[in-house]
A.B. asks: 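Pasting a structure here, questions to come.
Throughout, numbering of the chain's residues begins at 1 and tracks the sequence. All of these numbers come straight from a predicted model, not from anything done at the bench.
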Amino acid sequence: MTFCLSYGGNDLNRLREIINEFDLVEIRLDLCLLAVDKLIGLINSCKYDKQATAKIAQIIITNKNNNISDSELTDIISLINSGVEYVDIDLDMDEKKQQVLLKAAENNQVKIILSYHNYTETPTFNNLLEIFNKCNAYNPEIIKIVCKANSKSDCDLMLSLYSISDLNKIKLIAFASGELGKPSRTEALKLGCPFMYVADTKGIETAEGQMDYRTMKDQMKKGNYFNKNFYAVTGNPILHSKSPLLFNKLFKTAGNDCYYTRLGASSGQELANLIKELQFKGISVTAPFKSEIIPYLDEISNSAKLINAVNCIINDNNRLIGHNTDWIGIIKAIGSRICYTKSIIFGAGGAARASIFAMTESGSEVTVVNRTFQKAIELATEFNCKAINLNEINEHIGDYDIIISTINHVYNDLDFSKIRKNTLILDAIYHNPPLKDIIKKLEMQYIFGNKWLIEQGLEAYKIFIHSNPVPNNETIEKIDIEGFFPDFIFTNTQNVFLIGFSGSGKSSIGNELAKPMGFDFLDIDYEIEKKEQVSVKEIFKIKSEEYFRKCETDFLLNLATTEKTIISCGAGIITNEDNRKFMKDRGIVIFLHSPLDVCLQRINQQSRPILENLSYSEICSLYNKRLPLYIYFSDFIIDSSAGINIIVERILKEIKNLTI
């Protein structure tokens, strides 16, 4: 639920329409002129509609008048008894009446929104924290804290409460009221607020600074990277992966508010930690983690168990569930020819296991060959098929109807001339495929790895977006299977932009990365200091943050002709849309991610003008606000918590694998 329509009018028919149109509706009893018996009748009739066909809203009953009369108390209890879903109870309400309402809600299993309002000012953070704790003592379903904004900093102060609710896993609605508080309403949703109050139309708002539904919706569309569900592909290496091109195309086609990127990892354990830290909703898994990740998952599907490999992970509230769609992708890529055939599988990794499973499930007679013969024997025994020694391959290669290669190198001693002309060859490797040129010369039937990638990806997509719109078959069929993927290539003249929070290691890693690559190194903060002849901290103090941001953008845009350079970017550079577009167009953007506590251990907070006067909770809020931008505008994410040399080597490996 994103929007809650707040209603305070007297048109019963319109209220009925709203209840059927929105997922959540607040009835403001202190403003609404409709008689309580009519409201109860409406609620009961809507319940009947819901049982029949209609989907209706959950209803919140609110009365912001703390000094409610006995008759008003009776009205609220009557509505609680009628079966509303929520009742909003103010923290400062008369204690006896408050307890009566709490008891009535408990008896009727109505959820509590415990709220606090300050209509004149925003208290200090410590006072807000005290209010938060008082509300939390009631153990409500949702805590709501709304205070009047008299400055922009009041908005930031209110939004800083989300770092506390995140840590305590408590549902929180916190924003600043009034005209100056309007931006905090959209920002609150980006930070995890379960819903925001909106008016039906302009002119009938129920609170100062409230926006109507359409205006709020338009505001959320502007630069809305915060409500996106993030997905990624992971492996080692992974920067070459074309999966983001497929999934982002599918997300866009179906109207899913999702984004898919690349996530580097060095182990299964690190991968599991990163999925949870960065709150990815789903992950595609490739070599070498398909089996290595399994011990760190909470559950795996039956097919993944049998294959003993996972290529798709769902994050269900930090509960990681593994699936395997590789085998379905193989069956769909090969099509009807798969049955009653003799097939041979090259390799012994996760992709080979999926291939053996797919072929045996489809009735094919399967043989496994691998450079290490013992591994081939073990696989053949496990899947009840055959294994042959690599030395014997040329004696038998002409016997097979289907050949599946899951290895990234060609066996030099394989005699391709002995393969039958009508043999179908499926190459699992799509990045620099080893068989493509050979097969072209021999004019054999060949399925490029892109076909397998797309088919298994479509199956993974269905798992990822199980509750959201899915492209229909006609839309999927329009995807150009052969020409869908442009090569994602890094040339030795491009730039590398390093982004991340303060203390993520951009300068130190960037300086060391430039040396083995033979690139120049630029630290934007340092270059601005050199030009202005004062520190960044002094620029903020003497001139303003706005002036510094202009310097930052001007410097970046002047790099239009710069090549072969590693560029360390300031922590806030991604807040400017022009900066983000420039970086994406002119090189690879790498997000160096470290948990906030690691970042803060590495820096002197007093030397950072943005951070020096912020409390820990306010820094948490800033970190959480920037995190979606770092993810959304990077080509590759890597955990920079390890030593500098380790991270440099990992990035070099990724770029080397990508470079032509």
A.B. asks: Using a distance-only test with no angle check, is there a side-chain donor-acceptor pair under 3.5 angstrom linking Asp639 and Ser641?
C.D. replies: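 There is such a pair (donor and acceptor under 3.5 Å, judged by atom type) between the side chains of Asp639 and Ser641.
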A.B. asks: Side chains of Ile113 and Ile60: does their closest heavy-atom pair fall under 4.5 Å?
C.D. replies: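 Counting from C-beta outward, Ile113 and Ile60 do come under 4.5 Å.
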A.B. asks: Minimum heavy-atom separation for Thr206 and Ser6, please, with both atom names.
C.D. replies: OG1-OG, 2.7 Å
A.B. asks: Between Asp316 (side chain only) and Arg319 (backbone N and O only), is there a donor and an acceptor less than 3.5 Å apart?
C.D. replies: no
A.B. asks: Look at atom OH of Tyr526 and say whether more than 12 heavy atoms of other residues, nucleotides or ligands are closer to it than 6.0 Å.
C.D. replies: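 Open.
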A.B. asks: Can a donor-acceptor pair be found, under 3.5 Å and without considering hydrogens, that links the side chain of Arg185 to the backbone of Gly209?
C.D. replies: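 Present.
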A.B. asks: One pair to check against side chain to side chain contact (heavy atoms under 4.5 Å, CB included): Val146 and Phe175. What are the steps and the verdict?
C.D. replies: CA-CA 5 Å; Val146 182; Phe175 60 90; 3.6 Å; yes
A.B. asks: Do any N or O atoms from the side chain of Glu299 and from the backbone of Gly322 form a donor-acceptor pair under 3.5 angstrom?
C.D. replies: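 Side chain of Glu299 to backbone of Gly322, a donor-acceptor pair under 3.5 Å: no, none is there.
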A.B. asks: Who are the side-chain hydrogen bond (donor to acceptor under 3.5 Å, both in side chains) partners of Asn645, not counting sequence neighbours?
C.D. replies: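 For Asn645, no residue satisfies side-chain hydrogen bond (donor to acceptor under 3.5 Å, both in side chains) once neighbours in sequence are set aside.
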A.B. asks: Pairing donors with acceptors under 3.5 angstrom, does anything connect the side chains of Asn248 and Tyr231?
C.D. replies: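 Per modelled atom types, Asn248 and Tyr231 side chains form no pair under 3.5 Å.
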A.B. asks: Less than 3.5 Å apart, any donor N or O on the side chain of His323 or Asn311 sitting next to an acceptor on the other?
C.D. replies: no
A.B. asks: Classify the ring geometry between Tyr213 and Phe3 as parallel (under 30°), tilted (30 to 60°) or perpendicular (over 60°).
C.D. replies: perpendicular
A.B. asks: From Leu559 CG over to Asp554 CG, what is the distance, rounded to the nearest 0.5 angstrom?
C.D. replies: 11.0 Å
A.B. asks: CG/Asn317 to NZ/Lys276 distance, rounded to the nearest 0.5 angstrom?
C.D. replies: 11.5 Å
A.B. asks: For Asp212 and Thr201, run side chain to side chain donor-acceptor pair (under 3.5 Å): C-alpha distance rounded to whole Å, both residues' side-chain angles, the deciding distance at 0.1 Å, then the answer.
C.D. replies: CA-CA 5 Å; Asp212 67 280; Thr201 57; over 6 Å; no
A.B. asks: Does a side-chain heavy-atom distance below 4.5 Å link Phe132 with Ile145?
C.D. replies: yes
A.B. asks: Parallel, tilted or perpendicular, judged at 30° and 60°: which one describes the rings of Tyr259 and Phe230?
C.D. replies: perpendicular
A.B. asks: For Phe195 and Tyr197, what are the C-alpha separation, side-chain angles and deciding distance, and is it a ring-ring contact (aromatic ring centres under 6.0 Å, His included)?
C.D. replies: CA-CA 7 Å; Phe195 57 82; Tyr197 299 92; 5.5 Å; yes
A.B. asks: Using the side-chain hydrogen bond (donor to acceptor under 3.5 Å, both in side chains) criterion, which residues pair with Lys252? Sequence neighbours excluded.
C.D. replies: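 So Lys252 forms no side-chain hydrogen bond (donor to acceptor under 3.5 Å, both in side chains) with any residue.
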A.B. asks: So, do Leu592 and Phe636 sit near enough that their side-chain heavy atoms are less than 4.5 Å apart?
C.D. replies: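 They are not in side-chain contact.
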A.B. asks: Looking at side-chain heavy atoms only, is the closest gap between Phe501 and Ser594 below 4.5 Å?
C.D. replies: no
A.B. asks: Do NZ/NE/NH1/NH2 and the carboxylate oxygens of Glu538 and Lys543 come within less than 4.0 Å?
C.D. replies: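 Lys543 and Glu538: not salt-bridged.
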A.B. asks: If every non-hydrogen atom of Gly264 is compared with every non-hydrogen atom of Leu274, which pair is closest and at what distance?
C.D. replies: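 In this case the closest contact between Gly264 and Leu274 is O-CD1, 3.6 Å.
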A.B. asks: Evaluate the side chain to side chain contact (heavy atoms under 4.5 Å, CB included) criterion for residues Tyr116 and Cys147: first the C-alpha distance (whole Å), next the side-chain angles of each, then the deciding distance (0.1 Å), finally the verdict.
C.D. replies: CA-CA 8 Å; Tyr116 170 85; Cys147 301; 3.9 Å; yes
A.B. asks: May I ask you to decide if Arg549's main-chain N or O and Thr553's side chain share a donor-acceptor pair within less than 3.5 Å?
C.D. replies: yes
A.B. asks: Would you mind checking if Lys584 and Asp635 are paired as a salt bridge, meaning a charged N to carboxylate O distance below 4.0 Å?
C.D. replies: yes
A.B. asks: So that I can tick it off, tell me whether Glu141 and Lys171 are bridged by a salt bridge, with the cut-off set at under 4.0 angstrom between side-chain N and carboxylate O.
C.D. replies: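 Here Lys171 pairs with Glu141 in a salt bridge, since their nearest N and O are under 4.0 Å apart.
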A.B. asks: About how many Å separate CD1 of Ile293 and OG1 of Thr234, when rounded to the nearest 0.5 Å?
C.D. replies: 8.0 Å
A.B. asks: Is the side chain of Asn495 donor-acceptor paired with the backbone N or O of Ile566 at a distance under 3.5 Å, no angle test?
C.D. replies: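 Such a contact is absent between Asn495 side chain and Ile566 backbone.
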A.B. asks: Are any non-hydrogen side-chain atoms of Phe591 and Thr261 less than 4.5 angstrom apart?
C.D. replies: no
A.B. asks: Do the side chain of Thr565 and the main chain of Ile567 share a donor and acceptor less than 3.5 angstrom apart?
C.D. replies: no
A.B. asks: Who are the salt bridge (Lys or Arg N to Asp or Glu O under 4.0 Å) partners of Asp578, not counting sequence neighbours?
C.D. replies: none
A.B. asks: Could you give the distance from CG (Asn150) to CD (Glu179), rounded to the nearest 0.5 Å?
C.D. replies: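 Between atom CG of Asn150 and atom CD of Glu179 there are 12.5 Å.
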A.B. asks: Could you check whether Lys530 pairs with Glu527 (Lys NZ or Arg NE/NH1/NH2 to Asp/Glu carboxylate O, under 4.0 Å)?
C.D. replies: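 Salt bridge present between Lys530 and Glu527.
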A.B. asks: With Lys537 as reference, evaluate Glu532, Glu612, Glu545, Glu529 under the salt bridge (Lys or Arg N to Asp or Glu O under 4.0 Å) test and give the passing residue.
C.D. replies: Glu612
A.B. asks: Is there a ring-ring contact (aromatic ring centres under 6.0 Å, His included) between Tyr461 and Phe251 once you walk through the steps?
C.D. replies: CA-CA 9 Å; Tyr461 175 88; Phe251 291 149; 5.8 Å; yes
A.B. asks: Just to verify, which of Ile59, Leu24, Ile112 counts as forming a side-chain contact (heavy atoms from CB on, under 4.5 Å) with Tyr86?
C.D. replies: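 The side-chain contact (heavy atoms from CB on, under 4.5 Å) with Tyr86 is passed solely by Leu24 among Ile59, Leu24, Ile112.
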A.B. asks: Quick one: list whatever passes side-chain hydrogen bond (donor to acceptor under 3.5 Å, both in side chains) with Gln605, sequence neighbours left out.
C.D. replies: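 Partners of Gln605 under the side-chain hydrogen bond (donor to acceptor under 3.5 Å, both in side chains) test: none.
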A.B. asks: Ignoring hydrogens and angles, tell me if any N or O in the side chain of Gln606 forms a donor-acceptor pair with the backbone of Asn604 under 3.5 Å.
C.D. replies: no
A.B. asks: Just verifying a value: how many Å separate Ser640 OG and Ile646 CD1, rounded to the nearest 0.5 Å?
C.D. replies: 12.0 Å
A.B. asks: With Glu270, which residues qualify under salt bridge (Lys or Arg N to Asp or Glu O under 4.0 Å), at least two apart?
C.D. replies: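 Partners of Glu270 under the salt bridge (Lys or Arg N to Asp or Glu O under 4.0 Å) test: Arg650.
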A.B. asks: Sequence neighbours left out, what passes side-chain hydrogen bond (donor to acceptor under 3.5 Å, both in side chains) with Lys144? Give chain and number order.
C.D. replies: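 Expected list: Asp88.
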A.B. asks: Apply side chain to side chain contact (heavy atoms under 4.5 Å, CB included) to residues Met158 and Leu128 and explain how you reach the verdict.
C.D. replies: CA-CA 8 Å; Met158 292 301 302; Leu128 287 172; 4.0 Å; yes
A.B. asks: Tell me whether the rings of Tyr260 and Phe247 are parallel (<30°), tilted (30 to 60°) or perpendicular (>60°).
C.D. replies: parallel
A.B. asks: If you take all heavy atoms of Thr62 and Lys64, which pair is closest and at what distance?
C.D. replies: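 Shortest heavy-atom contact: CG2-CG, 4.0 Å.
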A.B. asks: Return the CG to CD1 distance between Leu320 and Ile313, rounded to the nearest 0.5 Å.
C.D. replies: 6.5 Å
A.B. asks: When you check the side-chain N and O atoms of Arg602 and Ser504, is any donor under 3.5 Å from an acceptor?
C.D. replies: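 Short answer, no.
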A.B. asks: Take His593 and Leu278 through the side chain to side chain contact (heavy atoms under 4.5 Å, CB included) test and state the conclusion after the steps.
C.D. replies: CA-CA 9 Å; His593 162 71; Leu278 297 171; 3.7 Å; yes
A.B. asks: Can you find a side-chain donor-acceptor pair between Asn576 and Glu552 that sits under 3.5 Å?
C.D. replies: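 The answer is no; no qualifying pair exists.
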